[in-house]
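In this text the structure is predicted, and so the values were computed from the model without any measurement.
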Amino acid sequence: LTHAAMYLREQILIANQIIYNRAHSDAKFAGMGTTVVGNFFYENRVCVAHIGDSRCYRWRRDKFQQLTRDHSLLQDQIDFGLITPEDARHAQHKNLLTKALGIDPIVEPDINEYRTEVGDIYLLCSDGLCDPVKDVEMAGILSVENLDLNVALKQMIDLANQRGGPDNITAVLV
């Protein structure tokens with residue numbers, strides 16, 4: 001692992017231990033868990049680490065690509081060909097995670113590294129954004145010439161809220 005990957009892994013393991021300890025020492029927090037996605041930029045690279053269904057996307061030269069793979073029962077069903085990605089958007093139990101922070105004493109994040117290019121835009125977000133707003137809609141917002149990242153992020157969040165904002169929305173554009 002690179003230094004960036006080791007750093008992200010260490011921070012996620014620390015967060016997991018804190019959440020796990022709290023969930024197991026205080027009854028009102030029993031079963032508590034969460035998801036995480038984080039990027040570490042260095043030189044001409046980005047290290048992406050995640051657990052759960054929070055995601056990292058990259059906008060590069062008019063192409064919007066999801067860089068993370070959800071740790072969810074639904075994603076497993078898609079991977080095995082049991083359900084199509086379109087059917088998954090309307091599935092009843094979308095948020096059943098196969099991996100999350102705070103559930104087990106030790107959890108390993110998925111970590112990948114990518115080369116960065118001038119003009120890349122990275123979106124890190126919780127499922128509160130990417131469930132109600134389709135990838136093609138987020139790509140459309142990012143495709144604007146002379147893009148203002150703050151305006152684009154507000155448009156995405158407003159769109160999710162207009163659709164009922166069924167979950168917490170956490171998002172960052174870099």
Side-chain angles (χ1 to χ4, degrees), residues 8-9 11-16 18-20 22-23 29-41 46-60 63-104 107-112 114 120-143 149-174:
L8 282 175
R9 179 181 179 274
Q11 297 309 306
I12 289 171
L13 292 177
I14 290 168
N16 183 72
I18 292 168
I19 296 165
Y20 180 83
R22 187 68 184 263
F29 296 113
M32 173 174 65
T34 191
T35 65
V36 65
V37 62
N39 286 12
F40 188 107
F41 293 89
V46 61
C47 182
V48 180
H50 89 289
I51 293 176
D53 59 359
S54 288
R55 295 178 177 174
C56 177
Y57 293 90
R58 179 181 60 211
W59 172 260
R60 175 182 284 168
K63 184 177 180 204
F64 192 63
Q65 179 183 8
Q66 182 178 332
L67 298 180
T68 54
R69 179 194 168 279
D70 292 352
H71 298 127
S72 68
L73 184 60
L74 203 55
Q75 185 62 56
D76 289 347
Q77 291 174 330
I78 292 168
D79 292 349
F80 287 117
L82 301 174
I83 188 171
T84 66
E86 187 52 39
D87 289 340
R89 290 193 69 77
H90 309 290
Q92 217 173 5
H93 304 290
K94 331 181 147 180
N95 297 1
L96 294 176
L97 299 178
T98 56
K99 193 188 280 193
L101 280 183
I103 305 303
D104 294 310
V107 65
E108 285 296 328
D110 286 359
I111 301 175
N112 292 290
Y114 304 92
D120 282 355
I121 298 173
Y122 293 85
L123 168 64
L124 289 78
C125 64
S126 65
D127 61 330
L129 180 68
C130 57
D131 277 354
V133 183
K134 293 180 180 178
D135 290 8
V136 68
E137 293 171 315
M138 291 187 279
I141 291 170
L142 294 176
S143 69
L149 294 184
N150 292 320
V151 170
L153 191 58
K154 183 176 179 343
Q155 289 174 333
M156 288 181 197
I157 292 169
D158 287 349
L159 188 54
N161 282 323
Q162 287 167 15
R163 295 186 177 158
D167 202 346
N168 295 329
I169 302 168
T170 303
V172 176
L173 279 173
V174 180

Q: Output all residues satisfying salt bridge (Lys or Arg N to Asp or Glu O under 4.0 Å) with Asp53, sequence neighbours left out; order by chain, then residue number.
A: none
Q: Salt bridge (Lys or Arg N to Asp or Glu O under 4.0 Å) with Asp158: which residues, sequence neighbours excluded?
A: Lys154
Q: How would you list, by chain and number, every residue that makes a ring-ring contact (aromatic ring centres under 6.0 Å, His included) with Tyr114, sequence neighbours excluded?
A: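 Testing Tyr114 for ring-ring contact (aromatic ring centres under 6.0 Å, His included), a comparison that skips the adjacent residues, returns none.
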Q: Excluding sequence neighbours, so at least two apart, what forms side chain to side chain donor-acceptor pair (under 3.5 Å) with Gln77?
A: none
Q: Which residues pass the side chain to side chain donor-acceptor pair (under 3.5 Å) test with Asp76, sequence neighbours left out?
A: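 Asp76 satisfies side chain to side chain donor-acceptor pair (under 3.5 Å) with Arg69 only.
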Q: Who are the salt bridge (Lys or Arg N to Asp or Glu O under 4.0 Å) partners of Asp135, not counting sequence neighbours?
A: none
Q: So does Glu108 get a backbone contact from the side chain of Lys99, meaning a donor-acceptor N/O pair under 3.5 Å?
A: yes
Q: Using distance alone, with no hydrogens and no angle criterion, decide if Tyr57 and Arg55 have a side-chain donor and acceptor under 3.5 Å apart.
A: yes
Q: Glu137: what forms a side chain to side chain donor-acceptor pair (under 3.5 Å) with it, not counting sequence neighbours?
A: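 Per chain and number, Glu137 pairs via side chain to side chain donor-acceptor pair (under 3.5 Å) with Arg163.
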Q: Spell out, as yes or no, whether a donor-acceptor pair under 3.5 Å connects the side chain of Ser72 to the backbone of Leu96.
A: no
Q: Going by side chain to side chain donor-acceptor pair (under 3.5 Å), name the residues that satisfy it together with Gln75, two or more places apart in sequence or in a different chain.
A: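 Expected list: Asp79.
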Q: Would you mind writing out the side-chain donor-acceptor pairs for residues 164-174 within the sub-3.5 Å range, not counting sequence neighbours?
A:
none

Q: Taking ring pair (Phe, Tyr, Trp, His ring centres under 6.0 Å) as the cut-off, I'd like each qualifying pair that reaches into residues 65-87, sequence neighbours left out, listed once.
A: His50-His71
Q: Which residues satisfy the salt bridge (Lys or Arg N to Asp or Glu O under 4.0 Å) test with Lys134, sequence neighbours excluded?
A: none
Q: Under 3.5 Å, side chain of Gln65 to main-chain N/O of Leu67, donor-acceptor pair present?
A: no
Q: According to ring-ring contact (aromatic ring centres under 6.0 Å, His included), who are the partners of Phe41, at least two apart in sequence or on a separate chain?
A: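 Listed in chain order: Tyr122.
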